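Position 1 is the first residue of the sequence; numbering continues from there. All values derive from a computational prediction rather than experimental measurement. The figures here come from the full heavy-atom set of this structure, side chains too, leaving out hydrogens, waters and symmetry mates.
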Amino acid sequence: YDPLKLDYLTELQSVKAANPDVVVHAGYQDDAQIVFKQAGQVGLDTAQWITSEGVKAPKTLEDAQAAAFMLNNVIGTNPVAPEGLALAATFAQQYQARFGIAAGTYNDFSYDAANLVLKAMQNVGATNTAQIAAEVLRIANNYAGVSGSITFNQYGDRQTVTFEVWKVVKIGTTYSYEQVKLITP
């Protein structure tokens, strides 16, 4: 990933030559804006595009050509807190009040991660990373976080995460994101 790259036409022409049914784009708002604008320019609008949570940001929709391409061709996924979770609603309200903007992708997950590490550090009374990691695994068993209930397996992978599937919609002249469905484990 090169955040300064301003041209993906060569790569997109190669993708178009393969005549794909689906294109998976794992990227961020900066490259997505360019990729989706140029994908429209080269005629890659016959494939279904699936993208990642790093794309779901207001900046991605600032380019009208990229937003128009996304409207017709792109769906994405994003980890979210389960619907109706009171802790998530409180976090979102407090974040908005403190920073003046809505919480973005991963703000709630990062908040939970920081709290788990801080609690683990307090519990073990040390800065030894192995002890802290072991304590995080121990205390994160149905841990009530703002991103949902957290449980890790023996490898430190989170076992339960709710994902939304989203798409771009246009109301008047404004593009925005809309949740299509939730996928819960």
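Linking ILVMFWY side-chain heavy atoms closer than 4.5 Å, directly or via other members, places Tyr8 and Val15 in a single hydrophobic cluster. Hydrophobic clustering keeps Leu85 apart from Val161 (ILVMFWY residues linked when any side-chain heavy atoms are closer than 4.5 Å, directly or through intermediates). Hydrophobic clustering keeps Trp166 apart from Val24 (ILVMFWY residues linked when any side-chain heavy atoms are closer than 4.5 Å, directly or through intermediates). No chain of hydrophobic side-chain contacts below 4.5 Å, direct or via other Ile, Leu, Val, Met, Phe, Trp or Tyr residues, connects Val80 to Val165. Residue Ile34 is grouped with residue Leu61 when hydrophobic side chains (ILVMFWY) are merged at heavy-atom distances under 4.5 angstrom, including chains of intermediate members.
Heavy atoms from other residues, nucleotides or ligands lying under 6.0 Å from CG of Asp7 number more than 12.
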Derivation and outcome, side-chain contact (heavy atoms from CB on, under 4.5 Å), residues Asp157 and Gln159: CA-CA 6 Å; Asp157 296 325; Gln159 295 303 286; 4.2 Å; yes
Test log, rule side-chain contact (heavy atoms from CB on, under 4.5 Å), inputs His25 and Val74: CA-CA 10 Å; His25 169 263; Val74 177; over 6 Å; no
side-chain contact (heavy atoms from CB on, under 4.5 Å) between Val180 and Ile75, worked out: CA-CA 9 Å; Val180 175; Ile75 60 170; 5.6 Å; no
Stepwise side-chain contact (heavy atoms from CB on, under 4.5 Å) test for Tyr175 and Thr173: CA-CA 7 Å; Tyr175 293 95; Thr173 59; over 6 Å; no
Stepwise salt bridge (charged side-chain N to carboxylate O under 4.0 Å, His left out) check, Glu53 with Lys56: CA-CA 5 Å; Glu53 65 275 357; Lys56 188 182 178 195; over 6 Å; no
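Atom NZ in Lys37 sits 10.0 Å away from atom CG in Leu9 (nearest 0.5 Å). Note that CD1 of Ile132 is 12.5 Å distant from CG of Leu137, once rounded to the nearest 0.5 Å. Atoms CG and NZ, on Leu71 and Lys170 in that order, are 7.5 Å from each other to the nearest 0.5 Å. Separating the CZ atom in Phe36 from the OG1 atom in Thr60 is a distance of 8.0 Å, to the nearest 0.5 Å. Separating the CD1 atom in Ile50 from the OG1 atom in Thr77 is a distance of 8.5 Å, to the nearest 0.5 Å. Within the model, atoms NZ of Lys181 and CD of Gln179 stand 11.0 Å from one another, a figure rounded to the nearest 0.5 Å.
A distance-only check finds a donor-acceptor pair linking the side chain of Gln96 to the backbone of Ala102 [under 3.5 Å]. Side chain of Glu164 to main chain of Ile183: no donor-acceptor pair is present (N/O by atom type, distance under 3.5 Å, no hydrogens or angles). Using a distance-only test at 3.5 Å, with no hydrogens or angles considered, a donor-acceptor pair links the side chain of Gln33 to the main chain of Lys59. Tyr177 places a side-chain N or O within 3.5 Å of a backbone atom of Ala57 that can act as its donor or acceptor partner.
Pairing each heavy atom of Pro20 with each of Ala47, the nearest pair is O-CB, 3.4 Å. Contact between Lys16 and Val42 at its shortest, heavy atoms only, is NZ-O, 2.7 Å. When all heavy atoms are compared, the tightest approach of Ser149 to Arg158 is O-NH2, 3.5 Å. Listed here is the closest heavy atom pair of Ala88 and Val146: CB-O, 3.3 Å. Taking all atoms of both residues into account, the shortest heavy-atom contact from Leu116 to Phe152 is CD1-CE1, 4.0 Å. Here the shortest heavy-atom pairing between Asn115 and Tyr143 reads CB-OH, 3.7 Å.
Contact check for Val55 versus Trp49: no side-chain heavy atoms found under the 4.5 Å cut-off. In this structure, Thr184 and Pro82 have side chains that are not in contact, with every pair of non-hydrogen atoms separated by 4.5 Å or more. With contacts defined as side-chain heavy-atom distances shorter than 4.5 Å, the pair Gln65/Gln41 qualifies. Counting only heavy atoms from C-beta outward, the side chains of Phe109 and Ile150 never approach each other to under 4.5 Å.
Each of Asp108, Asp112, Thr162, Thr160 was scored for a side-chain hydrogen bond (donor to acceptor under 3.5 Å, both in side chains) with Ser147, with one residue passing: Asp112.
Ring geometry, Phe99 versus Tyr95: the interplanar angle falls from 30° to 60°, so the pair is classed tilted.
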